[in-house]
There are 2 protein chains.
Amino acid sequence: MTATSAEIREVLSVGPLEITPDEHLARADGRALTLSIRELHMLTELARRADRIVSREELFELVWARAMRPGDRSVDVYVRKLRVKLGSVMPEWAFIHTHFGFGYRLAPQRKQPVA
Amino acid sequence: MTATSAEIREVLSVGPLEITPDEHLARADGRALTLSIRELHMLTELARRADRIVSREELFELVWARAMRPGDRSVDVYVRKLRVKLGSVMPEWAFIHTHFGFGYRLAPQRKQPVA
DNA sequence: CAGCGCGTTACCGAGGCGTGAAAGCCCTGT
DNA sequence: ACAGGGCTTTCACGCCTCGGTAACGCGCTG
């Protein structure tokens, strides 16, 4: 399950996304994304739970490894940062979906027919 | 019956619908629906009684966890909201059927041959 | 045809969420 | 040690969604 040192590399494939956490690298449609540590970590945790709803609290604890203080908006901010970077590379796709009152869900899907 | 922590997840399958209450998620034909908490709750309770008629009062008490005041139209409104969202994803199907004077019944069925 | 049940839309208050930017922190190279 | 820049965190503003209610009109029932 978890990668052992540098031997077994975990590779997450979610639609046009390919994430290799052990290499601190994420690709969208083959092109490497420039993500910070936090951004990559959050994207990784979302990818591990692709197509499932992850609550703010759970997502925060996964990425920050501590309990989320009430009112903390860090998750929102980083979700946006990911949306911006993903959107700049693949504008026709929506990746992170908001589920009002519940949390977020990673699921690549086209916004509109490619015209 | 109830799910134990994150182990046993209740999954309701009704025709092309698949509802996972513990994940706050409902899928139609595989595609995730964007439902609010009330909408999801109502759909869940209807799914648990699929193909059976559920009275307004019973449905209200299941979802709102209190007695329905006479004249309350909340159930109607939310039935419509579900119909709209379900219809936008699967227009060729009818899901929630009205039983005049009795209540509602969830039963997926095609409206017309798929042409 | 008379009455009531139901479909549908509109409206409002409350709160969640998107967004931009400031401020603080850490890490780097010099 | 110092200066610079990127990353992280926090804050504030405003929009949007949701829940709940009311109102109107059609359709069904008897």
Side-chain angles (χ1 to χ4, degrees), chain A residues 24-26 32-46 53-88 91 93-107 111, chain B residues 24-26 32-46 53-88 91 94-106 111:
Chain A
H24 310 295
L25 187 58
L33 298 171
T34 304
L35 301 180
S36 70
I37 296 293
R38 287 259 191 254
E39 292 163 357
L40 181 77
H41 196 171
M42 174 173 283
L43 182 60
T44 299
E45 297 300 341
L46 282 173
I53 299 176
V54 186
S55 71
R56 287 182 144 51
E57 291 76 11
E58 185 181 351
L59 192 51
F60 187 94
E61 292 175 12
L62 285 167
V63 177
W64 277 263
R66 56 186 172 84
M68 189 181 92
R69 300 178 316 176
D72 195 313
R73 303 293 305 281
S74 299
V75 170
D76 301 55
V77 173
Y78 273 86
V79 164
R80 165 162 171 74
K81 289 182 178 183
L82 284 177
R83 280 173 171 163
V84 169
K85 292 194 176 181
L86 289 170
S88 68
W93 289 69
F95 291 93
I96 304 177
H97 307 272
T98 303
H99 285 253
F100 201 94
F102 294 120
Y104 298 98
R105 178 176 55 93
L106 178 65
K111 291 180 181 175
Chain B
H24 313 295
L25 189 57
L33 298 172
T34 303
L35 301 180
S36 71
I37 183 170
R38 286 269 190 248
E39 293 163 357
L40 181 76
H41 196 170
M42 174 174 283
L43 182 60
T44 299
E45 297 301 341
L46 282 172
I53 299 177
V54 186
S55 71
R56 286 181 145 48
E57 291 76 11
E58 185 182 352
L59 192 50
F60 187 94
E61 292 174 11
L62 285 167
V63 176
W64 278 262
R66 56 185 172 85
M68 189 181 91
R69 299 179 316 178
D72 194 314
R73 304 295 306 284
S74 300
V75 170
D76 301 54
V77 174
Y78 275 86
V79 164
R80 163 158 173 78
K81 289 181 179 180
L82 283 177
R83 280 172 172 163
V84 168
K85 291 195 176 181
L86 289 171
S88 68
F95 291 93
I96 303 176
H97 307 274
T98 302
H99 285 254
F100 203 93
F102 295 109
Y104 298 97
R105 179 176 55 93
L106 178 65
K111 292 178 181 176

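The structure presented is a predicted model; accordingly, all values stated were derived computationally and were not measured. Chain A is the first sequence line, chain B the second, and so forth, proteins listed ahead of strands; every chain is numbered from 1.
Taking atom CG of A:L33 as the reference point, atom C1' of D:dC7 lies 17 Å away to the nearest angstrom. Whole-Å rounding puts the A:D76 CG to C:dA21 C1' distance at 16 Å. For the pair A:M42 CE and D:dC7 P, the interatomic distance rounds to 16 Å; values are reported in whole Å. The distance from atom CG of A:L82 to atom P of D:dC7 is 13 Å, rounded to the nearest whole Å. Following rounding to the nearest Å, B:M68 (CE) and C:dC6 (C1') show an atom-to-atom distance of 12 Å. Taking atom CZ on B:R80 and atom P on D:dA22, their separation rounds to 20 Å, with Å as the unit. Atom CG in B:L40 sits roughly 15 Å away from atom C1' in D:dG19 (whole-Å rounding). For the pair A:R83 CZ and C:dT19 P, the computed distance is 7 Å after rounding to whole Å.
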N/O-N/O pairs, protein side and nucleotides 8-10 of chain D side, under 3.5 Å:
from: D:dT8; atom 1: OP1; to: A:R38; atom 2: N; distance (Å): 3.2
from: D:dT8; atom 1: OP2; to: A:S36; atom 2: OG; distance (Å): 2.5
from: D:dT8; atom 1: OP2; to: A:Y78; atom 2: OH; distance (Å): 3.2
from: D:dT8; atom 1: O5'; to: A:Y78; atom 2: OH; distance (Å): 3.0
from: D:dT9; atom 1: OP1; to: A:R38; atom 2: NH2; distance (Å): 3.0
from: D:dT9; atom 1: OP2; to: A:R38; atom 2: NE; distance (Å): 2.9
from: D:dT9; atom 1: OP2; to: A:W64; atom 2: NE1; distance (Å): 2.9
from: D:dT10; atom 1: OP1; to: A:R69; atom 2: NH2; distance (Å): 2.9

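Of all non-hydrogen atoms in B:E57 and B:M68, the two that sit nearest each other are OE2-CE, 3.7 Å. Annotation for A:V63 and A:E45: closest pair CG2-CG, 4.2 Å, computed over non-hydrogen atoms. Taking every heavy atom of both residues into account, A:Y78 and A:S36 meet most closely at CE2-OG, 4.4 Å.
Looking at heavy atoms from C-beta onward, B:L82 lies in side-chain contact with B:M42 at the 4.5 angstrom threshold. A:Y104 is listed as a side-chain neighbour of A:D76, based on a closest heavy-atom distance under 4.5 Å. In this structure, B:L33 and B:L86 have side chains that are in contact, with non-hydrogen atoms separated by less than 4.5 Å. The closest side-chain heavy-atom distance from B:I37 to A:F102 is below 4.5 Å.
A close approach under 4.0 Å does not occur between any side-chain nitrogen or oxygen of B:R56 and OP1 or OP2 of C:dG5.
For the segment residues 99-107 of chain A, the set of residues with a heavy atom within less than 4.0 Å of an atom of DNA chain D comprises A:F100, in numerical order.
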Chi angles and distances behind the side chain to side chain contact (heavy atoms under 4.5 Å, CB included) call for B:E39, B:K85
CA-CA 10 Å; B:E39 293 163 357; B:K85 291 195 176 181; 3.0 Å; yes
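Under the 3.5 Å distance criterion, the side-chain polar atoms of A:R83 are matched with a main-chain donor or acceptor of A:I96.
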